[in-house]
Enquirer: 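Mind having a look at this structure? Questions to follow.
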Protein chains: 2
Amino acid sequence: MATGRPHRPTTRARGIPEATVARLPLYLRALTALSERSVPTVSSEELATAAGVNSAKLRKDFSYLGSYGTRGVGYDVEYLVYQISRELGLTQDWPVVIVGIGNLGAALANYGGFASRGFRVAALIDADAAMAGRPVAGIAVQHIDELESIIADNGVSIGVIATPAGAAQQVCERLVAAGVTSILNFAPTVLTVPDGVDVRKVDLSIELQILAFHEQRKAGEAAAAPDITDMVTPVAPPVAATRRRADDAPVRPVVDGAARHGAGDAGSGPDGSDGGRSAAMPA
Amino acid sequence: MATGRPHRPTTRARGIPEATVARLPLYLRALTALSERSVPTVSSEELATAAGVNSAKLRKDFSYLGSYGTRGVGYDVEYLVYQISRELGLTQDWPVVIVGIGNLGAALANYGGFASRGFRVAALIDADAAMAGRPVAGIAVQHIDELESIIADNGVSIGVIATPAGAAQQVCERLVAAGVTSILNFAPTVLTVPDGVDVRKVDLSIELQILAFHEQRKAGEAAAAPDITDMVTPVAPPVAATRRRADDAPVRPVVDGAARHGAGDAGSGPDGSDGGRSAAMPA
DNA sequence: ATGCCTTTGTGAACGCGTGCACAAAGATAC
DNA sequence: GTATCTTTGTGCACGCGTTCACAAAGGCAT
């Protein structure tokens with residue numbers, strides 16, 4: 001689920017499960033907060049609550065890092081902060097480049113969460129020549145022609161892609177060719193990368209769609225008692241339904257003669273509109 | 001992994017596994033692209049490649065929705081687009097509110113991917129009175145005092161939180177109290193919500209930290225042959241290491257002897273700075 | 001019709017992640 | 001030193017998700 005790359009046995013990371021790695025930043029954040037309040041130690045129970053996870057899970061996660069706790073007492077906050085930081089590689093400096101300085105790219109450049117954890121924005125890169133030189137978040141935007149030299153000069157190994165979907169794959173390839181081996185992709189596209197390159201994807205639209213699914217289910221459950229199992233339609237949500245798409249039904253997937261599972265509702269409408277739905281790419 | 005909520009048997013969704021739901025938007029996107037190119041049918045193999053997944057997984061995913069394919073032929077593109085859209089609840093209109101119109105909030109408001117899939121930005125809300133009335137992405141920002149009435153008037157059930165971490169929980173509670181039952185959280189905090197409310201979290205900082213972990217591991221493997229297993233330190237990455245934090249070692253977590261961790265952090269590494277490490281919240 | 005060829009749909013095996021429950025370890029009190 | 005109490009670390013079992021591999025289904029040619 002992590003990387004967008006197809007093939008790969010996943011984990012393997014010196015024994016630390018991927019799921020655990022994904023939670024370490026969470027623990028680290030909670031621990032940092034405790035550290036600031038000068039709390040010396042925490043129990044797994046307290047910390048788990050703060051991080052929003054199960055205490056058994058937390059203990060098991062920590063057990064992969066080593067035995068850093070003290071039975072009968074708990075974990076030393078400062079010590080754990082250090083250990084987790086080290087494990088995550090946050091004790092060193094990670095220069096990153098952001099490619100695509102649109103609304104999202106600019107927001108990322110201004111994002112305080114980066115700098116606070118060892119990530120340094122080494123450069124902002126955009127394909128628009130008009131952007132070049134313009135300062136964003138105190139950093140002058142550079143033209144994409146300089147991409148290769150920027151990466152080489154700064155020893156950048158992590159790249160952030162915030163371009164439109166259409167440009168993402170191309171930018172990705174240039175980043176990889178220039179030496180980047182980790183990519184955080186905000187463009188709504190599946191990136192194809194060679195083995196050895198990690199890709200993580202953040203897709204705002206997908207997150208909303210997943211929420212919509214659950215929302216629909218909730219509405220459907222609460223509203224009416226469904227008759228047929230096939231009748232998945234949520235029975236009109238409680239909210240004002242405005243834009244309802246081409247109301248009609250599923251076209252017939254049948255290749256042959258008879259129209260089979262037209263099941264849905266009316267007989268297919270010519271939803272010519274559907275084809276016009278823009279793939280509308282982001283920022 | 002999905003919701004931020006602790007307790008819950010997960011799935012249950014009328015048989016459709018959570019993991020499958022999370023992939024449906026991916027399939028939908030690939031299908032939409034095909035639809036625009038007027039491709040009539042696709043095989044599971046082709047579609048899987050386009051979506052970046054395994055074909056067997058894709059077929060199993062679709063099998064949860066029903067038998068929408070034709071053996072020997074493949075899947076009817078238009079029909080599948082409709083079915084998945086319906087399953088995800090995208091055939092209806094979902095008004096959303098975005099709370100916190102900073103850099104990120106503004107970027108989200110401008111994000112094209114929302115409108116293209118049935119999501120309509122019903123309102124932009126900010127706590128800063130100076131923002132009120134100012135247009136962002138063509139929509140006038142409204143003050144947070146209006147939050148409850150906005151949600152009620154527009155029948156909003158999905159809220160997006162893009163506030164600083166400190167305000168997130170409070171905003172969350174107001175949203176939920178006002179009737180919102182699905183939340184997309186961009187603030188780096190663990191949100192606590194009552195049962196029945198879904199939360200999805202997007203944390204930019206965490207994604208980067210996960211990448212850093214893998215990056216470090218790659219560097220460590222490639223660079224030197226580690227002596228002791230304890231020696232996890234990646235042996236200086238190929239990049240210019242600048243900021244290396246307190247180079248020294250882990251404090252000792254021992255509870256006994258020394259009156260240790262009163263530790264503003266005097267004892268430990270010299271990094272008095274560490275304590276000052278801002279929890280630095282984002283946009 | 002009959003047979004061949006393609007692709008779906010799914011039964012079954014496997015592996016990872018989660019959570020329970022408890023023994024081991026250490027601190028603390030006496 | 002001994003007993004008690006707290007909290008960690010983990011063995012174990014369970015369930016979800018992934019993948020393989022194949023039989024069933026349908027199109028298409030003859």
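We name chains A, B, ... by the order of the sequence lines, and we start the count at 1 in each one.
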Enquirer: Send over the distance from Leu58(B) CG to dG9(C) C1', rounded to a whole Å.
Expert: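 Interatomic distance, CG of Leu58(B) to C1' of dG9(C): 12 Å.
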Enquirer: Tell me: CZ of Phe62(A) to P of dT8(D), nearest whole Å?
Expert: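 It works out to 10 Å between those atoms.
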Enquirer: CD of Glu45(A) versus P of dG19(C): gap in Å, rounded?
Expert: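 Atom CD in Glu45(A) sits about 13 Å away from atom P in dG19(C).
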Enquirer: From CD of Glu18(A) over to P of dG17(C), roughly how many Å is that when rounded to an integer?
Expert: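 My rounded result for the distance is 8 Å.
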Enquirer: Going from NE2 on His214(B) to CD1 on Ile158(A), what distance comes out if it is rounded to the nearest 0.5 angstrom?
Expert: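 Atom-to-atom, His214(B):NE2 and Ile158(A):CD1 are 11.0 Å apart.
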Enquirer: Leu47(A) has an atom CG; how far is it from atom P of dG9(D), in whole Å?
Expert: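 In whole Å, dG9(D) P and Leu47(A) CG are 12 Å from each other.
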Enquirer: List in chain and number order the residues that pass ring pair (Phe, Tyr, Trp, His ring centres under 6.0 Å) with Phe62(A), two or more places apart in sequence or in another chain; answer none if no residue qualifies.
Expert: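 Phe62(A): ring pair (Phe, Tyr, Trp, His ring centres under 6.0 Å) contacts with Tyr27(A), Tyr75(A).
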Enquirer: Which pairs, with at least one residue in residues 43-54 of chain B and sequence neighbours excluded, count as a salt bridge (charged side-chain N to carboxylate O under 4.0 Å, His left out)?
Expert: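 Checked against salt bridge (charged side-chain N to carboxylate O under 4.0 Å, His left out) - neighbours excluded - no pair reaches residues 43-54 of chain B.
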Enquirer: Just report the end-to-end axis angle for the helix from dA1(C)-dT30(D) to dC30(C)-dG1(D), five pairs per end, to 10 degrees.
Expert: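 Computed angle between terminal axes is 10°.
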Enquirer: Enumerate all atom pairs, one protein N or O and one N or O from nucleotides 3-7 of chain D, separated by less than 3.5 Å.
Expert:
from: dT7(D); atom 1: O4'; to: Gly72(A); atom 2: N; distance (Å): 3.0

Enquirer: In whole Å, what is the span from the CG atom of Asp61(B) to the P atom of dC16(D)?
Expert: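 Rounded to the whole Å, the gap is 16 Å.
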Enquirer: Distances under 3.5 Å only, N/O to N/O: pair up the protein atoms with those of nucleotides 20-22 of chain C.
Expert:
from: dA21(C); atom 1: N6; to: Arg59(A); atom 2: NH2; distance (Å): 3.3

Enquirer: Under a 3.5 Å distance rule, please check whether Gln216(A) uses its side chain to pair with a backbone N or O of Arg86(B) as donor and acceptor.
Expert: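 It does hold such a pair.
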Enquirer: Could you pull out the closest heavy-atom pair between Pro25(B) and Ile210(A), with the gap in Å?
Expert: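 Minimum heavy-atom separation between Pro25(B) and Ile210(A): CG-CG1, 4.4 Å.
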Enquirer: Does any donor atom in the side chain of Glu87(A) or Gln83(A) lie under 3.5 Å from an acceptor atom in the other side chain?
Expert: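 The answer is no; no qualifying pair exists.
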Enquirer: Would Gln209(A) and Ser205(A) count as having a side-chain donor-acceptor pair, cut-off 3.5 Å?
Expert: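 Yes - a donor-acceptor pair under 3.5 Å links their side chains.
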Enquirer: Charged N to carboxylate O under 4.0 angstrom, Asp203(B) versus Arg29(A)?
Expert: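 Yes, this pair counts.
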Enquirer: Taking all non-hydrogen atoms of both residues, which atom of Val176(A) and which atom of Pro194(A) are closest, and how far apart?
Expert: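 Val176(A) and Pro194(A) have their closest heavy atoms at CG1-CG, 3.7 Å.
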Enquirer: Select from Thr20(A) and Ser63(B) the residue whose nearest nucleotide in DNA chain C is closer to the 5' end of that strand.
Expert: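 Residue closer to the 5' terminus by nearest nucleotide: Ser63(B).
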Enquirer: Who are the salt bridge (charged side-chain N to carboxylate O under 4.0 Å, His left out) partners of Arg23(B), not counting sequence neighbours?
Expert: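 Scan of Arg23(B) (salt bridge (charged side-chain N to carboxylate O under 4.0 Å, His left out), adjacent residues dropped) gives Asp61(B).
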Enquirer: In whole angstrom, what separates Asp76(B)'s CG from dT7(C)'s C1'?
Expert: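 Distance, rounded to whole Å: 15 Å.
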Enquirer: Begin with the C-alpha distance, continue with both residues' side-chain angles, and end with the deciding distance and a verdict on side-chain contact (heavy atoms from CB on, under 4.5 Å) for Leu204(B) and Leu184(A).
Expert: CA-CA 9 Å; Leu204(B) 318 180; Leu184(A) 181 51; 5.5 Å; no
Enquirer: To the nearest angstrom, how far is Ile16(A) atom CD1 from dG17(C) atom P?
Expert: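 Interatomic distance, CD1 of Ile16(A) to P of dG17(C): 12 Å.
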